[in-house]
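Some notes on the structure that comes next.
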2 protein chains.
Amino acid sequence: MVAQRPARPPRPTDDVRPRALAAATRLFAARGFEGASLQDVAGEVGVTKQALLYHFASKEELRRAVLGAMVTHWNEALPRVLLAASAADDRFDAVVGELLRFFASDPDRARLLVRHLLDRPAESRELIASHVKGYVAAISSYIARGRERGTHRADVDPEAYVAAVLQLLVVGVASLPVLDVVLDGPRAKAAPRVIAELRRIARVALFPAEAPAPAPRRPTRTRSTARTARRGDP
Amino acid sequence: MVAQRPARPPRPTDDVRPRALAAATRLFAARGFEGASLQDVAGEVGVTKQALLYHFASKEELRRAVLGAMVTHWNEALPRVLLAASAADDRFDAVVGELLRFFASDPDRARLLVRHLLDRPAESRELIASHVKGYVAAISSYIARGRERGTHRADVDPEAYVAAVLQLLVVGVASLPVLDVVLDGPRAKAAPRVIAELRRIARVALFPAEAPAPAPRRPTRTRSTARTARRGDP
DNA sequence: CTTTCTGCTTACCGACTGGTAAGCGAGTGT
DNA sequence: ACACTCGCTTACCAGTCGGTAAGCAGAAAG
């Protein structure tokens with residue numbers, strides 16, 4: 001009577017594939033694609049190399065799957081993020097803030113992306129053209145309109161600006177564990193300081209001066225910037 | 001009876017070492033340390049792998065030599081750059097401009113640095129602490145003084161700012177061959193557009209608004225900004 | 001001449017790489 | 001009972017990796 005075989009009816013231990021993707025993401029991000037072997041990935045998952053090769057026909061396919069999972073994750077999360085941000089009063093701060101939390105929530109994906117850019121520029125161009133360019137075009141056209149209205153700086157180059165800011169956020173997050181060396185304060189506070197500065201740089205590069213006076217003690221407008229303004233130690 | 005062995009008296013074909021360093025720099029930057037084999041490097045130099053291993057006892061030592069050559073090159077060139085810049089009227093624009101030209105003049109070194117940050121965070125921290133932190137501290141204390149005087153923005157976090165801008169310049173240059181995908185204009189003009197925008201972002205994130213009106217058509221003060229301000233196509 | 005050193009080359013090496021082939025136990029369908 | 005597929009495991013492979021050992025041509029020193 002059971003005529004349907006929908007997708008994956010009785011898969012008891014089918015969780016090795018997602019776990020392999022997670023482990024591969026971590027290892028490829030940490031050591032690079034060439035630096036992490038199939039045995040390393042298999043070892044972290046707790047299976048043999050051949051079990052891995054059963055799920056992914058080749059290492060190259062594992063790579064594609066890892067990258068595919070990354071863009072899938074982003075394509076699912078980003079529209080929600082951008083929509084939520086566009087509802088807020090200060091769209092830009094919300095978008096940048098969400099992007100930062102987004103990348104910072106798993107730096108491995110940011111590192112993976114940077115490595116991919118370095119390892120495979122040609123494939124990266126395709127990936128960007130098919131999955132990133134749309135976002136960039138939307139945001140930059142929005143910026144261009146704001147520029148015409150005078151709500152955004154007149155000297156901004158929208159597309160280049162978005163590209164630069166995206167880059168800044170991604171590698172800022174990717175290199176957080178190294179960046180704190182140049183900061184003087186307590187190392188624990190380094191990450192939020194850098195992130196706050198990234199937000200500030202992105203913001204002031206887009207908006208005209210809100211206060212002509214040089215010392216705006218008041219957080220200007222949003223309450224999220226209030227947290228940004230404080231800096232710690234004497 | 002020969003007591004003197006000065007340094008390297010008669011070395012006819014001793015140029016394999018510098019050529020190997022150049023080739024290794026290129027290959028490590030392009031494929032990563034694990035992705036480029038000793039044979040690859042040797043092949044590019046035109047010698048055998050064992051000839052390479054004669055000059056560099058191990059691949060790891062080749063890596064150290066490549067990185068050492070990079071920091072040596074920078075330590076020789078940077079002070080000259082910074083001094084020349086500090087003589088100019090608009091110090092900041094000059095410094096950023098020189099840094100950009102500096103990194104853009106050989107993107108391989110920028111890529112190599114980014115890869116090193118990803119591959120060996122711990123060693124990168126040491127390298128930064130010993131060779132970069134000094135520059136950052138000097139520039140950021142200079143910025144901090146400017147901030148007190150009101151010539152720099154009050155909300156800037158000097159150290160975090162310098163770290164972020166350095167990062168922006170380095171990876172901006174490293175990822176130039178990929179970035180142009182998101183730009184609409186002619187691909188040939190992409191690099192200068194992105195670089196101009198990087199300069200603009202770094203500048204406006206540091207200096208207070210020069211004109212309270214939203215449309216500053218006049219270059220306000222320096223003549224180098226006049227060149228920066230122009231954007232190409234309609 | 002002989003000795004000694006440099007800058008290689010040839011010949012190997014074991015470890016490990018990604019990948020293939022075949023088998024096999026457990027569950028399922030008929 | 002049977003065949004069949006799934007999800008592996010064991011066994012094995014050729015190729016490449018970084019690295020070692022020894023020899024060898026040539027120049028320099030005695």
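Treat the numbers as computed from the prediction; the structure is a model and nothing was measured. Residue numbers begin at 1 in each chain, while the letters A, B, ... track the order of the sequences.
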Task: Side-chain donor-acceptor contact under 3.5 Å, A:Asn75 with A:Thr72 - done: no
Open item on the list: Below 30° counts as parallel, above 60° as perpendicular, anything between as tilted: where do the rings of A:Trp74 and A:Phe103 land?
Closed with: perpendicular
Open item on the list: In whole Å, I'd like the distance from the CZ atom of A:Phe56 to the P atom of C:dG19.
Closed with: 13 Å
TODO: Apply the side-chain contact (heavy atoms from CB on, under 4.5 Å) test between B:Val170 and each candidate in B:Leu100, B:Leu99, B:Val114; give the one that qualifies.
DONE: B:Val114
Task: Shortest non-hydrogen contact from A:Val178 toward B:Ser124 - done: CG2-CB, 4.1 Å
Task: Proximal nucleotide (of D:dC12, C:dT9, C:dG18) relative to the A:Leu38 side chain - done: C:dG18
TODO: Find the distance A:Lys59:NZ to C:dG19:P and express it as a whole number of Å.
DONE: 8 Å
Open item on the list: Heavy-atom nearest nucleotide on DNA chain C for A:Ala57 versus A:Ser37: which residue maps closer to 5'?
Closed with: A:Ser37
Task: Comparing B:Phe33 and A:Gln50 on DNA chain D - which has the more 5′ nearest nucleotide - done: A:Gln50
Open item on the list: Looking at C:dG18, I'd like to know if its phosphate oxygens (OP1 or OP2) sit under 4.0 Å from a side-chain N or O belonging to A:Ser58.
Closed with: no
Task: Separation between CG of A:Asp106 and OG1 of A:Thr25, rounded to the nearest 0.5 Å - done: 8.5 Å
Open item on the list: I'd like to know if B:Lys49 reaches the base of D:dG18 with its side chain such that a donor and an acceptor end up less than 3.5 angstrom apart.
Closed with: yes
- [ ] Write down the distance between CG (B:Leu62) and C1' (D:dG18), rounded to a whole number of angstrom.
- [x] 12 Å
Task: Candidates D:dA21, D:dC8, C:dC8 - which lies nearest the side chain of B:Val16 - done: C:dC8
Task: d(CZ, B:Arg31; C1', D:dT16) in whole Å - done: 14 Å
Task: N or O in side chain of A:Tyr54 less than 4.0 angstrom from D:dG7 OP1/OP2 - done: yes
Task: OP1 or OP2 of D:dC17 under 4.0 Å from side-chain N/O of B:Gln39 - done: yes
- [ ] Return the value, rounded to whole Å, for the distance between atom CD of A:Glu34 and atom C1' of C:dC16.
- [x] 15 Å
Open item on the list: When you measure from the side-chain N and O atoms of B:His55 to the phosphate of C:dC8, is any distance below 4.0 Å, counting only OP1 and OP2?
Closed with: yes
- [ ] Check every strand shown and say whether B:Leu53 touches a base, only sugar-phosphate, or nothing at a heavy-atom separation below 4.0 Å.
- [x] base
